[in-house]
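First up is the structure itself, then whatever we jot down about it.
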Amino acid sequence: MKPLSSFPRRTYVTQPTPLQPAPRLSRLLGGPEIYIKRDDLLPGAGGGNKTRKLEFSIGDALARGEDTLITSGAIQSNHCRLTLSWARVEGLECHLVLQEPAPGAFDPEAGGNNFLYQLLGADSLRIVSGRGEAPLAMERLAGECRDRGRKPCVIPVGGSSPVGATGYAACALELISQFRELDLRVDHLVVPSGSAGTQAGLLAGFRGAGYELAVTGVNVSRSRDLQEPSVYELALATASRLGVESPVPRESVDCNGDYVGPGYALPTPEMMEAVGLVARSEGILLDPVYTGKAMAGTIDLIRKGVFRKGQTLVFVHTGGSPALYVHMEAFRRRYPPPPATDSAGNER
Ligand SMILES: *Cc1c(COP(=O)(O)O)cnc(C)c1O
């Protein structure tokens, strides 16, 4: 594998994120020893995994002399929020193409990431229907930017190109050195799997370093049949960019589609359970769209005996907690408010 220093890169990740033991959660579940990789604590407004990809995606854009970022995601997109956040740091223009799941779903007054687009000062939002329309909408927007004399860079949905996924190959190397420091033998790594770059980058990185462990992706939008080929293809392309000699084997790509529920970003009871359990045992905020469902899958696979006592499991916390505030009503129903009194002890 080529040294990562041979690729254009900005330095946004100034130190390794914690690999934190979760002893209370592990005890409650009665399965493997769980460690949480705290990529939710990565720098960039609100934190989360897209910062690692953007080190390389924006590094590439700046190396080409580009001055305007265009990207796309769902109406509540962590990727759009973080692209915008780093655009502010770099002094770049930033335009977002937001995909509505249904006509009229975009609400300019919505909370969560949508509010943060406004606070971080997005240069424009363009609302399109569904996923299919986004690439064309981004190209059209890029044309308009060129007409104004700008030099646009189109970053694909989720930053999931071989360039972006390189950020998660870097994370694999960071994890390997943390495993060595803590003298850990890791059996399983669990990661949410959406636009595929995180899982693909990790697979390419572990392969490149010759480190063997089972990586389980928990899908957040697609079935196993659709997600595995997409992760596999990107893992191969990323490994090839990195000059990894032995290709990623197809059997190492495992994308579990059992925890998506009714669809992308739609809550499930198991997600609500997992978010509450991790908040109340470890004081860590998961998110409703990605890590909540990935943890719901982890819990179920422990109950089914796939992940077992005596093993060590690393759960990659990819961030996303701003989206919790989009689902406040549902969480409030599931987790009733604590008793509140005034100073005289009367109920408030
Ligand atoms: C984007 C995202 C993911 C999924 O990563 P992909 O590389 O798109 O598969 C997981 N968690 C959070 C919080 C995200 O924003």
Side-chain angles (χ1 to χ4, degrees), residues 22 24-32 34 36-37 39-40 46 48-49 73-78 99-102 105 107 110-114 188-195 198-199 216-227 254-309 313-339:
R24 290 153 295 265
L25 179 66
S26 305
R27 201 173 325 117
L28 279 169
L29 297 174
I34 299 171
I36 301 183
K37 175 63 171 167
D39 271 13
D40 58 315
N49 64 340
I75 49 179
Q76 284 285 348
S77 164
N78 301 308
Q99 304 155 25
E100 274 188 324
D107 170 8
N113 287 315
N114 190 278
H188 299 283
L189 182 133
V190 178
V191 62
S193 196
S195 66
T198 304
Q199 187 179 0
T216 300
V218 179
N219 305 352
V220 298
S221 53
R222 288 191 279 263
S223 63
R224 181 184 290 280
D225 285 359
L226 293 176
Q227 189 70 357
D254 174 19
C255 303
N256 191 315
D258 293 345
Y259 307 98
V260 176
Y264 175 74
L266 299 175
T268 63
E270 296 75 17
M271 174 282 287
M272 306 278 300
E273 200 69 50
V275 169
L277 188 67
V278 174
R280 290 165 175 224
S281 60
E282 298 293 340
I284 292 173
L285 301 179
L286 298 179
D287 84 286
V289 180
Y290 297 94
T291 53
K293 287 182 179 175
M295 185 56 81
T298 305
I299 293 169
D300 189 56
L301 293 170
I302 291 173
R303 291 189 179 139
K304 289 184 168 140
V306 177
F307 304 144
R308 290 185 302 276
K309 217 177 174 63
L313 181 147
V314 171
F315 181 87
V316 183
H317 187 343
T318 45
S321 67
L324 282 174
Y325 308 102
V326 178
H327 296 282
M328 234 159 26
E329 295 309 315
F331 280 108
R332 284 203 155 124
R333 277 194 301 278
R334 174 64 186 74
Y335 298 100

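Heavy-atom basis, side chains included; hydrogens, waters and symmetry copies ignored. Counting from 1, the numbers follow the sequence of the chain as shown.
- Remark: Arg224 engages Asp254 in a salt bridge, criterion side-chain N to carboxylate O under 4.0 Å.
- In summary, of the residues considered (Ile34, Leu29, Val190, Ile299), a side-chain contact (heavy atoms from CB on, under 4.5 Å) with Phe307 occurs for Val190 alone.
- Tyr259 meets the ring pair (Phe, Tyr, Trp, His ring centres under 6.0 Å) test with no other residue; sequence neighbours excluded.
- For residues 324-338, the salt bridge (charged side-chain N to carboxylate O under 4.0 Å, His left out) pairs, not counting sequence neighbours, are Glu273-Arg334.
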task: List the steps and the verdict of side chain to side chain contact (heavy atoms under 4.5 Å, CB included) for Leu25 and Met295.
output: CA-CA 11 Å; Leu25 179 66; Met295 185 56 81; 3.9 Å; yes
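- Put simply, the side chain of Asn219 never gets that close to the backbone of Ser221: no donor and acceptor are under 3.5 Å apart.
- The backbone N or O of Asn113 sits less than 3.5 Å from a side-chain atom of Gln76, completing a donor-acceptor pair.
- Using a 4.5 Å cut-off on side-chain heavy atoms (C-beta onward), Leu189 and Val316 make contact.
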message: Could you go through Leu324 and Leu285, starting from their C-alpha distance and side-chain angles, then the distance that decides it, and tell me whether this counts as side chain to side chain contact (heavy atoms under 4.5 Å, CB included)?
response: CA-CA 9 Å; Leu324 282 174; Leu285 301 179; 4.1 Å; yes
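- Using a 3.5 Å distance cut-off with no hydrogens or angles, the side chains of Asp107 and Asn114 do not pair a donor with an acceptor.
- Side-chain contact between Ser193 and Val218: absent, with no pair of heavy atoms (C-beta onward) separated by less than 4.5 Å.
- The salt bridge (charged side-chain N to carboxylate O under 4.0 Å, His left out) analysis of residues 299-308, with sequence neighbours excluded, yields the pairs Asp300-Lys304.
- Classification of the Tyr335-Phe331 ring pair by plane angle, with boundaries at 30° and 60°, yields parallel.
- Closest approach of Ala274 and Leu286 over heavy atoms only: O-CD1, 4.0 Å.
- Looking at Arg222 and Val260, their side chains never come closer than 4.5 Å, going by heavy atoms from C-beta outward.
- Considering only residues two or more places apart in sequence or on other chains, Asp39 meets the salt bridge (Lys or Arg N to Asp or Glu O under 4.0 Å) condition with Arg52.
- Closest heavy-atom contact between Pro288 and His327: CG-CD2, 3.5 Å.
- Tested against Ile284 for a side-chain contact (heavy atoms from CB on, under 4.5 Å), the candidates Val275, Thr291, Ile36 yield a single pass: Ile36.
- With hydrogens and angles disregarded, a donor-acceptor distance shorter than 3.5 Å links the side chain of Gln227 to the backbone of Gly194.
- Not counting sequence neighbours, the partners of Pro101 by the side-chain contact (heavy atoms from CB on, under 4.5 Å) test are Ile75, Ala105.
- Pairing each heavy atom of Val289 with each of Ala323, the nearest pair is CG2-CB, 4.5 Å.
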query: Given Thr298 and Ile302, is the side chain to side chain contact (heavy atoms under 4.5 Å, CB included) satisfied, shown in steps?
result: CA-CA 6 Å; Thr298 305; Ile302 291 173; 4.2 Å; yes
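- In this structure, the side chains of Asn256 and Leu301 come closer than 4.5 Å at one or more pairs of heavy atoms.
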task: Any chance you could lay out the side-chain hydrogen bond (donor to acceptor under 3.5 Å, both in side chains) test for Asp287 and Ser321, step after step, and finish with the verdict?
output: CA-CA 5 Å; Asp287 84 286; Ser321 67; over 6 Å; no
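- A donor-acceptor pair under 3.5 Å is absent between the side-chain atoms of Lys37 and the main chain of Phe315, judged by distance alone.
- Atom CG of Asp40 and atom OH of Tyr290 lie 15.0 Å apart (nearest 0.5 Å).
- Between Leu28 and Leu277 there is a side-chain heavy-atom pair separated by less than 4.5 Å.
- Applying the side chain to side chain donor-acceptor pair (under 3.5 Å) rule to Arg24 yields the partners Glu282; only residues at least two apart in sequence or on another chain are considered.
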